[in-house]
Amino acid sequence: MEQNEFFSSLYYIGQTVNRLNQTSSALKSYIMLRASSLLSFALLAVVYGQQIGTNTPEVHPSMTSQTCTTAGGCVTQQTSIVLDSNWRWLHTTSGYTNCYTGNAWDTSLCPDPVTCAANCALDGADYAGTYGITTSGNALTLKFVTGANVGSRVYLMNSPSTYQLFKLVNQEFTFDVDMSNLPCGLNGALYLTEMDADGGMAKFPTNKAGAKYGTGYCDSQCPHDIKFINGEANILGWTPDANDANAGAGQYGTCCNEMDIWEANSNSAAYTPHVCSVVGQSRCSGTDCGDGALRYQGVCDKDGCDFNSFRMGNQGFLGPGKTVDTTKKFTVVTQFISSTNSSTGTLSEIRRLYVQNGNVIPNSVANIPNVPAVNSITDAFCNAQKTEFGDTNSFETRGGLATMGKSLQQGMVLSMSVWDDYTAQMLWLDSDYPTTSPATTPGVARGPCATTSGAPPQVESQSPGASVTFSNIRWGDIGSTFTGTVVAPPPPVSSSSVVPPPKTTSSVVPPPKTTSSVAPPPPKTTTTSSAPSGPTGGPTAPHWGQCGGIGWAGPTVCAAPWTCQVSNPWYSQCL
């Protein structure tokens, strides 16, 4: 009911009462009953919304995290996690009847988006029993299959009703991960999206559940499978997925900037910024969603600018028994560098480091023809990569790193998930993709998994016990979240000298993976020579900060006692 209709109803009730003295007592009773019913209906229409269920209490599992400074070290925070609303039981507000079963809505309860929101409630979650989600201290484990449930997604919270917001320009974000139990075809993802801290409650009063029940999701793929968007049920045009018994797609998608800090399984990993032309969570329809053939006409950059070591020419860097050994737990460090080395500067670079067995391992160096031999993401790297791989550069057209930086300054929500891929079988992460191109085509080889791997029915039946554990999440000043001894990265390793891991999802052995039919440039190795010193008394770079490299215009002298070490011609760091 619209606002003007509501006040018209109240006016009618008032006029009715004024006439009661001129009416017979029997008719008075009838009119009063009619007026009371109308008032009740009017008030009901005002308070409709995405409701909260009471059958299962919602208790957020505790998961501590830390904020860090170079001056004061790391301080523990009492944070928790919450399950995304899409996984929750959705039923009538005063009973147990499902509003959504399998991949279809109950049309009697949900004849339209607003009525559905008024009739249906999101209930609390049995995290361990139903979803295989457990926490212990600072660790979160997500099990892949638990009973009838497949996969999950959770968010980090700083209070019972608000998500933790991360503002990471000129900061670093660090976590430990154990993905030894995550085979081909799966993705243990840790990433940031530009969701509202309250789950959308302030923007959309019809959303009564909010962050406490995991509402408000969005990402750069503008997903259509989200059941409630902007406080309304996404039932218009809803089509059940022909392959996924639990999913479907509605008319609307929900879009926002996304920073994929970590998408990985035990065989391959990538980190990828995706940017959008919209600010914050935004509902899309039609062309703006960028579906299918309209992929590059939507508001978001769905491809992103990825750094996948395997795809970038070093196939011996990350995986079982490799430089970063995925059979064991390790630490992932992501640094968001600004043009002014301040939180208000423009994001200019995203760096990656690993720590394992007490050793700090710089990210692998790109080893692709016509791409600079760098080990971080910059706009220049993205442009060169897109050109060499023949990819559409929708990252640049939507603002590149500057747009990503604005989102990181605004604040983003941390998501952690485990999932399989009904669209592309995760081949874009861990195999040859697209499968219609030879593996020797630059950019096609992304990991050692078979092109026949990753089919969800196969993965779900063969690896139901798969899991990923994220732990020891901390963020703060550059260089404040980790320690270790810096080691030189090994030279790139071609596929001919790498023994691929056992294929758990397929018995088909893939063809040898190479990144190009063109001979690669000589390997770039780290040296211990110092970069040229800058002018005496000038600005200094902090520990772990950049201090040199081709095109570098910042400080070239390190704060004591650190010295500037050359990693490659494009990058030197204070160590």
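None of these values were measured; they are calculated from a predicted model. Residue numbers count from 1 along this sequence.
- Expressed to the nearest 0.5 Å, how far CG of Leu408 lies from CG of Leu192 amounts to 6.5 Å.
- For the pair Val355/Phe330, no side-chain contact is recorded, criterion being any heavy-atom separation below 4.5 Å from C-beta on.
- Donor-acceptor pairing under 3.5 Å is recorded for the side chains of Asn207 and Thr215.
- Side-chain atoms of His224 and Cys289, non-hydrogen and from C-beta on, do get closer than 4.5 Å to each other.
- Remark: Leu122 CG to Lys208 NZ distance equals 13.5 Å, nearest 0.5 Å.
- The side-chain heavy atoms of Glu172 and Val333, taken from C-beta on, include a pair separated by under 4.5 Å.
- Between Cys284 and Cys222, a gap of 2.5 Å or greater is found separating the two SG atoms.
- For the residue pair Ser407 / Glu194, a side-chain donor-acceptor distance below 3.5 Å is found, with atom types taken as modelled.
- A distance below 2.5 Å between sulfur gamma atoms is not met by Cys110 and Cys99.
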Q) Could you go step by step and tell me if Gln51 and Asn119 meet the side-chain hydrogen bond (donor to acceptor under 3.5 Å, both in side chains) rule? A) CA-CA 8 Å; Gln51 305 296 315; Asn119 287 340; over 6 Å; no

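- For the residue pair Gln425/Asp420, the side-chain donor-acceptor check at 3.5 Å is not satisfied.
- Between Thr146 and Gly129, the shortest heavy-atom contact is CG2-O, 3.4 Å.
- In this structure, Tyr100 has its ring center under 6.0 Å from that of Trp105.
- Thr76 places no side-chain N or O within 3.5 Å of a backbone atom of Gln66 that could act as its donor or acceptor partner.
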Q) side-chain hydrogen bond (donor to acceptor under 3.5 Å, both in side chains) between Tyr213 and Asp123: does it pass, once the steps are laid out? A) CA-CA 8 Å; Tyr213 288 82; Asp123 223 306; over 6 Å; no

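- With respect to Tyr163, the side chain to side chain contact (heavy atoms under 4.5 Å, CB included) criterion is satisfied by exactly one of Thr79, Asp196, Asn158, Val82: Val82.
- Atom SG of Cys300 sits about 9.5 Å away from atom CG of Asp288, to the nearest 0.5 Å.
- Note that SG of Cys184 is 11.0 Å distant from CD of Gln462, once rounded to the nearest 0.5 Å.
- Less than 6.0 angstrom separates the ring centroid of Phe166 from the ring centroid of Phe173.
- Between Phe228 and Tyr217, a ring centre-to-centre spacing not shorter than 6.0 Å is recorded.
- Listed for the Asn234 side chain is a donor-acceptor partner under 3.5 Å among the backbone atoms of Ile226.
- Between Trp89 and Asn98, the side chains place a donor N or O and an acceptor N or O closer than 3.5 Å (distance only, hydrogens not considered).
- A 4.5 Å side-chain heavy-atom check between His91 and Tyr96 finds every atom pair outside the cut-off.
- Ion pairing between a basic and an acidic side chain is recognised when a charged N comes within 4.0 Å of a carboxylate O; Asp219 and Lys302 show no such pairing.
- With hydrogens and angles disregarded, no donor-acceptor distance shorter than 3.5 Å links the side chain of Arg153 to the backbone of Asn86.
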**Q.** side-chain hydrogen bond (donor to acceptor under 3.5 Å, both in side chains) evaluation trace for Thr469 with Thr141
**A.** CA-CA 4 Å; Thr469 299; Thr141 297; 2.9 Å; yes

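- Residues Thr115 and Asp112 bring a donor and an acceptor atom of their side chains to less than 3.5 Å of each other.
- In this structure, NZ in Lys406 is found 6.0 Å from OG1 in Thr403, a value given to the nearest 0.5 Å.
- In this structure, the side chain of Lys322 engages the main chain of Gln315 through a donor-acceptor pair within 3.5 Å.
- Looking at Tyr271 and Val332, their side chains never come closer than 4.5 Å, going by heavy atoms from C-beta outward.
- For the pair Arg283 and Tyr252, the cation-pi test (distance below 6.0 Å, angle within 45°) is passed.
- Side-chain N or O atoms of His60 include none that pairs as donor or acceptor with a backbone N or O of Met157 at under 3.5 Å.
- When the side-chain hydrogen bond (donor to acceptor under 3.5 Å, both in side chains) test is applied to Gln221, no partner is found at least two apart in sequence or on another chain.
- The main-chain N or O of Pro457 is found under 3.5 Å from a side-chain atom of Ser461 such that the two form a donor-acceptor pair.
- Looking only at distances, no side-chain donor or acceptor of Asn265 sits under 3.5 Å from a matching main-chain atom of Leu182.
- For Ser152 (side chain) and Leu142 (main-chain N/O), no donor-acceptor pair under 3.5 Å exists by modelled atom type.
- Of the charged side-chain nitrogens involved, none lies within less than 4.0 Å of a carboxylate oxygen, so that Asp178 and Lys328 do not count as a salt-bridged pair.
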Q) Cys68 and Cys74: disulfide bond (SG atoms under 2.5 Å apart), yes or no, with the steps? A) CA-CA 4 Å; Cys68 306; Cys74 296; 2.0 Å; yes

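- Under the 4.5 Å side-chain criterion, counting only non-hydrogen atoms from C-beta, Phe336 is in contact with Met259.
- The pair Glu58-Arg88 meets the salt-bridge criterion, since a charged nitrogen lies less than 4.0 angstrom from a carboxylate oxygen.
- A distance of 6.5 Å separates CH2 of Trp419 from CD of Glu263, quoted to the nearest 0.5 Å.
- In this structure, Trp475 and Phe175 have side chains that are not in contact, with every pair of non-hydrogen atoms separated by 4.5 Å or more.
- Asn267 and Asp430 share no side-chain donor-acceptor pair at under 3.5 Å.
- Between the side chains of Ser277 and Arg398, no donor N or O sits under 3.5 Å from an acceptor N or O.
- Distance alone, capped at 3.5 Å, places no donor-acceptor pair between the Thr193 side chain and the Glu258 backbone.
- There is no side-chain donor-acceptor pair under 3.5 Å between Asn138 and Ser471.
- Aromatic ring centres of Trp87 and Tyr131 lie farther apart than the 6.0 Å criterion allows.
- Remark: side-chain polar atoms of Thr130 are not paired, donor with acceptor, to backbone N or O of Tyr127 under 3.5 angstrom.
- Asn103 and Trp238 share no side-chain donor-acceptor pair at under 3.5 Å.
- Side-chain polar atoms of Glu232 and Thr206 form no donor-acceptor pair below 3.5 angstrom.
- Screening Asn257, Asp301, Asp260 against His274 for a side chain to side chain donor-acceptor pair (under 3.5 Å) leaves a single residue, Asp260.
- The SG atoms of Cys255 and Cys218 do not sit under 2.5 Å apart.
- Residues Pro456 and Asp244 fail the side-chain proximity criterion, which asks for heavy atoms closer than 4.5 Å.
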Q.
Go through it in stages, so that I can follow the logic: the residues are Thr92 and Cys120, the test is side-chain contact (heavy atoms from CB on, under 4.5 Å), and I'd like the CA-CA distance, side-chain angles, deciding distance and then a yes or no.
A. CA-CA 5 Å; Thr92 52; Cys120 302; 5.8 Å; no

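- Between Arg474 and the choices Asp176, Thr67, Thr481, the side chain to side chain donor-acceptor pair (under 3.5 Å) rule is met once, by Asp176.
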Q: Report the C-alpha distance between Gln281 and Thr254 in whole Å, list the side-chain angles of each, state the deciding distance to 0.1 Å, and finish with yes or no for side-chain hydrogen bond (donor to acceptor under 3.5 Å, both in side chains).
A: CA-CA 7 Å; Gln281 182 274 329; Thr254 177; 3.0 Å; yes

